[in-house]
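Here is the structure we will look at, set down as structure tokens.
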Amino acid sequence: MEEAAAPPQKRFYRQRAHANPLADHTLRYPARPQDMDWAPLFPAFFPPAAPPAQPPPRVEFADVGCGYGGLLVELSPLFPRTLMLGLELRVKVAAFAGERIRALRAAQPGRFGNVACLRANAMKHLPHFFRKAQLSKMFFLFPDPHFKRTKHKWRIISPTLLAEYGYVLRPGGADPIVARLGTSTEEGRKVQRGGRRIFPAVFRRLQDPAAGGDT
Ligand code: SAM
């Protein structure tokens, strides 16, 4: 049985606000999505004795730049059979989110097995983790705006990257999650505390016009 772990304390996981997404971080990522071993991240969904007859479960929601993991924790009980992955570039922040989830799993057995956080650079490695049209939702909550022109290349939303997001997303979208987008993460709560406004934007992945069903 997993030993009950105390929830992590943020003061031990603080890190500079930004990590350079273009730098060569030491990151592990699979050559192709089919090479990724998801079992260590979602052990409850990959029991060792499971019959191999069924196709393995796949991650379906991605929280890009998940920070401390607030959205994953909020969505986990709403979609208990859906695997959700947070991708976070900053080492300590990703470690915090992972510890947070581990502590929740230990404290509430049977819950939070469907969420996990991976230290990863979503700007560089998304297609290494996800197949074409694998994801039904992607979240980008409070992505760093990088106002300075010289830092625009660090933005997680850009025309080039939109093409990648279109590749991993399946057509469809928009649902009850929308109401929670501004309030569930640490950054969202900060904005609310400061009495500032939140400007949510929701986009639906359209069918490719000439794809003939192949999205
Ligand atoms: N979504 C969280 C929230 O609402 O509290 C965190 C918002 S924070 C302003 C933006 C996060 O995106 C940071 O934690 C940052 O490290 C992460 N990030 C930025 N670029 C990234 C990238 N290329 N890959 C993964 N994470 C990234």
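Only this structure's heavy atoms are used, side chains among them; waters, hydrogens and symmetry mates stay out. For ligands, and for the atoms within them, numbers begin at 1 and follow the listed sequence.
At distances below 3.5 Å, at least one donor-acceptor pair connects side-chain atoms of Gln134 with backbone N or O atoms of Val59.
Within 4.0 Å of ligand 1, heavy atoms belong to protein residues Pro21, Gly65, Cys66, Gly67, Leu87, Glu88, Leu89, Arg90, Ala120, Asn121, Ala122, Met123, Leu141, Phe142, Asp144, Ile156, Thr185, Glu186, Glu187.
Relative ring orientation between Phe139 and Phe61 is described as perpendicular, the plane-to-plane angle rising above 60° on a 0-90° scale split at 30° and 60°.
In this structure Glu186 satisfies the side-chain hydrogen bond (donor to acceptor under 3.5 Å, both in side chains) test together with Arg100, sequence neighbours excluded. Taking the side-chain hydrogen bond (donor to acceptor under 3.5 Å, both in side chains) definition, one finds that Ser76 meets it with Asn114, sequence neighbours left out.
In summary, Arg90 and Glu88 engage in a salt bridge, as defined by a charged side-chain N under 4.0 Å from a carboxylate O.
Residue pairs that meet the side chain to side chain donor-acceptor pair (under 3.5 Å) test with at least one member in residues 155-165, sequence neighbours left out, are His152-Arg155.
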